[in-house]
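Let me begin by presenting the structure, written as structure tokens, before commenting on it.
FYI, the numbering just counts along the sequence from 1.
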Amino acid sequence: MKNVKPGHAQPVICLDAGHFGAYNQSPVVPEYYESTMNWKLQNFLKAELENYGIKVFTTRNDPDADLPLTSRGEASEGCDLFISLPANYAEDPGADYVLGIHMVQNGSRIAMESMLLADLLGKVVGKVMGASDVRLWTRAGGNDRNGDGFPDDYYGVLRGAARVGTAGGILEQGCFSNE
């Protein structure tokens with residue numbers, strides 16, 4: 001990781017498992033909940049990153065804890081990187097893709113790093129999963145809360161991370177609504 005903040009002896013990453021509790025039940029496999037699977041994936045990823053000497057924080061310590069979206073992003077304050085790990089829902093039963101969502105491009109360093117991160121993670125995870133498609137996406141909201149002349153991110157977790165100066169992205173690793 002090239003962009004470690006000054007004062008960090010090793011990279012520091014904040015992971016967000018996404019939804020809390022038993023949320024987003026699969027219509028295909030009734031035992032599957034997006035929130036439960038993403039909590040497990042977050043913990044696996046945390047352990048693997050720590051094996052590489054990376055310091056990892058999570059947005060919460062309890063899978064049933066509910067935090068506002070912006071607070072989850074703001075939990076990355078002081079970190080080098082923020083990654084939110086939800087899965088996607090698709091009406092099309094043939095949908096098979098990974099989606100990397102990055103911060104809106106406003107000319108800032110963290111927005112550019114966010115786009116590079118979403119693209120890289122999307123491609124790597126898509127290859128590992130054997131996904132037929134990898135998509136890169138962003139979505140602007142309708143407000144300019146910080147007055148920089150650009151619309152803010154639609155996604156609260158990305159708005160929160162941007163507010164505390166952390167580059168980040170959302171990695172929708174597949175479509176839980178399909179077989």
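- Side-chain atoms of Arg159 never come within 3.5 Å of backbone atoms of Thr70 as a donor-acceptor pair (strictly under, hydrogens ignored).
- A 4.5 Å side-chain heavy-atom check between Asp16 and Ile83 finds every atom pair outside the cut-off.
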Evaluate the side chain to side chain donor-acceptor pair (under 3.5 Å) criterion for residues His8 and Asp80: first the C-alpha distance (whole Å), next the side-chain angles of each, then the deciding distance (0.1 Å), finally the verdict.
-> CA-CA 9 Å; His8 289 181; Asp80 299 302; 3.0 Å; yes
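- The minimum heavy-atom distance linking Ala118 with Gly100 is given by the pair CB-C, 3.8 Å.
- If you take CG on Leu171 and CG on Leu45, they are separated by 9.5 Å, rounding to the nearest 0.5 Å.
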Please test Tyr32 against Met37 for side chain to side chain contact (heavy atoms under 4.5 Å, CB included), starting from the C-alpha separation and ending with a verdict.
-> CA-CA 7 Å; Tyr32 178 97; Met37 179 56 74; 3.6 Å; yes
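- Residues Met115 and Met103 are not in side-chain contact: their nearest non-hydrogen atoms beyond the backbone lie 4.5 Å or more apart.
- A single hydrophobic cluster is not seen to contain both Tyr154 and Phe150; linkage of ILVMFWY side chains at heavy-atom distances under 4.5 Å, directly or through other members, places them apart.
- A continuous path of hydrophobic side-chain contacts links Val56 to Leu117 [ILVMFWY only; heavy atoms under 4.5 Å].
- A donor-acceptor contact shorter than 3.5 Å is absent between the side chain of Asp119 and the backbone of Lys123.
- Residues Val124 and Leu120 are in side-chain contact: their nearest non-hydrogen atoms beyond the backbone lie under 4.5 Å apart.
- To the nearest 0.5 Å, atom CD1 of residue Ile170 and atom CH2 of residue Trp137 are 9.0 Å apart.
- Looking only at distances, no side-chain donor or acceptor of Ser76 sits under 3.5 Å from a matching main-chain atom of Thr166.
- Atom OG1 of Thr58 and atom CD of Gln42 lie 5.0 Å apart (nearest 0.5 Å).
- From Phe20, atom CZ reaches atom CG of Asp66 across 3.5 Å, with rounding to the nearest 0.5 Å.
- At a cut-off of 3.5 Å, with distance as the only test, a side-chain donor of Asn38 or Gln173 sits close to an acceptor on the other residue.
- Minimum interatomic distance between Tyr33 and Ala22 (heavy atoms only, all atoms of both residues): CD2-C, 3.6 Å.
- Using modelled atom types, no side-chain atom of Asp148 and backbone atom of Asp144 make a donor-acceptor pair closer than 3.5 Å.
- Side chains of Ile13 and Leu49 form a contact here, defined as non-hydrogen atoms less than 4.5 Å apart.
- Clustering ILVMFWY residues whenever any of their side-chain heavy atoms sit less than 4.5 angstrom apart, transitively, puts Val157 in a cluster other than the one holding Leu15.
- Looking at Asn24 and His19, their side chains come closer than 4.5 Å, going by heavy atoms from C-beta outward.
- The local environment of CG in Asn61 is sparse, with at most 12 non-hydrogen atoms from other residues, nucleotides or ligands closer than 6.0 Å.
- The closest donor-acceptor contact from the side chain of Ser108 to the backbone of Ala111 lies under 3.5 Å.
- Between Leu136 and His102 there is a side-chain heavy-atom pair separated by less than 4.5 Å.
- Between Tyr155 and Thr138, every side-chain heavy-atom pair lies at or beyond the 4.5 Å cut-off.
- Using modelled atom types, no side-chain atom of Glu172 and backbone atom of Val98 make a donor-acceptor pair closer than 3.5 Å.
- What you find for Glu34 and Pro86 is that their closest heavy atoms are OE2-CB, 3.3 Å.
- Under a 4.0 Å N-O distance rule, the pair Asp152/Arg145 qualifies as a salt bridge.
- With hydrophobic clusters built from ILVMFWY side chains whose heavy atoms lie under 4.5 angstrom apart, Leu85 shares a cluster with Leu81.
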Take Tyr97 and Ser132 through the side chain to side chain contact (heavy atoms under 4.5 Å, CB included) test and state the conclusion after the steps.
-> CA-CA 6 Å; Tyr97 61 88; Ser132 62; 5.6 Å; no
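- Taking CZ of Arg72 as the start and CZ of Arg60 as the end, the distance is 6.0 Å to the nearest 0.5 Å.
- Both Ile101 and Leu69 belong to a single network of hydrophobic side chains, linked directly or stepwise wherever heavy atoms of I, L, V, M, F, W or Y lie under 4.5 Å apart.
- Counting only heavy atoms from C-beta outward, the side chains of Pro151 and Val104 never approach each other to under 4.5 Å.
- Distance check, rounded to the nearest 0.5 Å: CZ of Phe82 to SG of Cys14 gives 5.5 Å.
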